[in-house]
There are 2 protein chains.
Amino acid sequence: MFIKMDMAADKPIYIQLKEQIIEGIARKELQPGDDLPSVRSLAADIGINVHTVNKVYQQLKQEGYIQIHRKRGVIIHPDGFLPADENYINSLKEELRPLLAASICHNLTIDEFKELSDEIYLQILNKEGEQHE
Amino acid sequence: MFIKMDMAADKPIYIQLKEQIIEGIARKELQPGDDLPSVRSLAADIGINVHTVNKVYQQLKQEGYIQIHRKRGVIIHPDGFLPADENYINSLKEELRPLLAASICHNLTIDEFKELSDEIYLQILNKEGEQHE
DNA sequence: TATCTGTTCTATTAGTAGTATAACAGACAA
DNA sequence: TTGTCTGTTATACTACTAATAGAACAGATA
């Protein structure tokens, strides 16, 4: 598995796990229909509690990233990428807004902000540059 | 004051307050040297606890947005906008990364993402479009 | 002296993050 | 049928954060 937890970080581990799975989907390492480990095996694998993994899976299901079948287990949603509906766009806007406000206060131009976005975008999709430390 | 709290939101009120002050600085409604209300008066004004306001001021001081003087009170940092040092850029990147990964999963192109950024950027700087609900 | 400022202390309530054990119900293979 | 895997639910506990509350201290100033 490609999961790397940072137990010392202030970011909750269930958020870390969730983000890494989403990034795995984004870079197509996890493709539609692919199996995900069971809650128990993944929990044992990365050394965290079953409930923590279950919480992540429930949220990913809720947001449409995965499907959960009683016996077969957990799979990446077979329909492929999600629709960028108004709901999603609005939540994205609300998350971007404080980042942009702070950027302005740090003398970052909108062009510099967009260049940064480009950079990270390529970094995510580049299969080589796995880790970001 | 231009502060509007949403007590029903899941976002902690100290985060809301902090973000609104930062956005006030970004849109230049709060200019270098300007006075901010005392912890007590602001707390009474928006109906929250003194300690909550104090926490926000301490963090804003720590991040260089404001100065706190024993008697004079709290002022917007007189040096103007902050430097976009490596430290800040790295923290911004870490916040942007999960947003971009999720955007990719929602079929958003990098260009659409950047258009969204443009839109919010203008929305912040536009003195008219105050609220974002 | 009285009053304002930020600051610090202690204490309480409520909620979240994470762990731990256990049990239930469905699926499936031996 | 039995055993074992799956997700799911329930309960309980610890630790931490968010928020409130009241009080007190120290410096500045009118």
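In what follows, chains are A, B, ... by sequence order, proteins preceding strands, each numbered from 1. Being a predicted model, the structure only gives us computed values, none of them experimental.
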May I have the distance from [X] (atom [atom1]) to [N] (atom [atom2]), rounded to whole angstrom?
X: H69(B); N: dG6(C); atom1: NE2; atom2: C1'; result: 12 Å
X: L17(B); N: dA18(D); atom1: CG; atom2: P; result: 14 Å
X: D10(B); N: dA14(C); atom1: CG; atom2: C1'; result: 16 Å
X: M7(B); N: dA18(D); atom1: CE; atom2: P; result: 15 Å
X: I46(A); N: dG18(C); atom1: CD1; atom2: C1'; result: 13 Å
X: D35(B); N: dG6(C); atom1: CG; atom2: C1'; result: 14 Å
X: N49(A); N: dT21(C); atom1: CG; atom2: P; result: 9 Å
X: L42(B); N: dA19(D); atom1: CG; atom2: P; result: 14 Å

Position toward the 5' end of DNA chain C (nearest nucleotide), V50(A) or Y14(A):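 It is Y14(A), whose closest nucleotide lies nearer the 5' terminus.
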Whichever of I13(A) and H51(A) has its nearest DNA chain C nucleotide further upstream toward 5':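 The residue closer to the strand's 5' end, by nearest nucleotide, is I13(A).
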Q59(A) side chain to K18(A) side chain, donor-acceptor N/O pair below 3.5 angstrom: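 Looking only at side-chain atoms, K18(A) and Q59(A) do form a donor-acceptor pair, the distance falling under 3.5 Å.
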SB check R97(A) E23(B) (cutoff 4.0 Å):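 The answer is yes: the pair qualifies as a salt bridge.
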Ion pair K11(A)/D6(A), N-O distance below 4.0 Å: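 Looking at D6(A) together with K11(A), the answer is no, because their closest N to O distance does not fall below 4.0 Å.
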Any T52(B) side-chain nitrogen or oxygen under 4.0 Å from OP1 or OP2 of dA18(D):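 Checking dA18(D) against T52(B), no side-chain N or O comes under 4.0 Å of OP1 or OP2.
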Short side-chain N/O contact to dT5(C) OP1/OP2 from S38(B), under 4.0 Å: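 Checking dT5(C) against S38(B), a side-chain N or O does come within under 4.0 Å of OP1 or OP2.
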Test of ring centre spacing under 6.0 Å for Y88(B) and H106(A):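 Close enough - the centres of the two rings lie under 6.0 Å apart.
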Pair H51(A) and Y14(A), ring centroids less than 6.0 Å apart: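 No; Y14(A) has its ring centre 6.0 Å or more from that of H51(A).
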Sugar-phosphate, base or nothing in reach of R40(B), heavy atoms under 4.0 Å: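 If one applies the 4.0 Å heavy-atom cut-off, R40(B) turns out to touch a base.
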Sugar-phosphate, base or nothing in reach of V74(B), heavy atoms under 4.0 Å: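 If one applies the 4.0 Å heavy-atom cut-off, V74(B) turns out to touch the sugar-phosphate alone, with no base involved.
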Close residues, residues 54-64 of chain B, relative to DNA chain C [heavy-atom separation under 4.0 Å]: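 Within residues 54-64 of chain B, the residues near DNA chain C are N54(B), Q58(B), K61(B).
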Selected nucleotide, minimal atom distance to P12(B) side chain, candidates dT20(D), dT8(D), dA19(D):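 The answer is dA19(D), which lies nearest to the side chain.
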K11(B) vs I68(A), nearer the 5' end of DNA chain D by closest nucleotide: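 With K11(B) and I68(A) compared, the 5'-side residue is I68(A).
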T52(B) side, atom OG1; I48(B) side, atom CD1 - distance, nearest 0.5 Å: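 Rounded to the nearest 0.5 Å, the OG1-CD1 separation comes to 5.0 Å.
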Show me, pair by pair, the donor-acceptor contacts under 3.5 angstrom made by side chains of residues 33-44 of chain B, not counting sequence neighbours?
residue	atom	partner	partner atom	Å
D34(B)	OD2	Q31(B)	N	2.9
S38(B)	OG	S41(B)	N	3.1
S38(B)	OG	S41(B)	OG	3.2
S41(B)	OG	S38(B)	N	3.3
S41(B)	OG	S38(B)	O	3.2

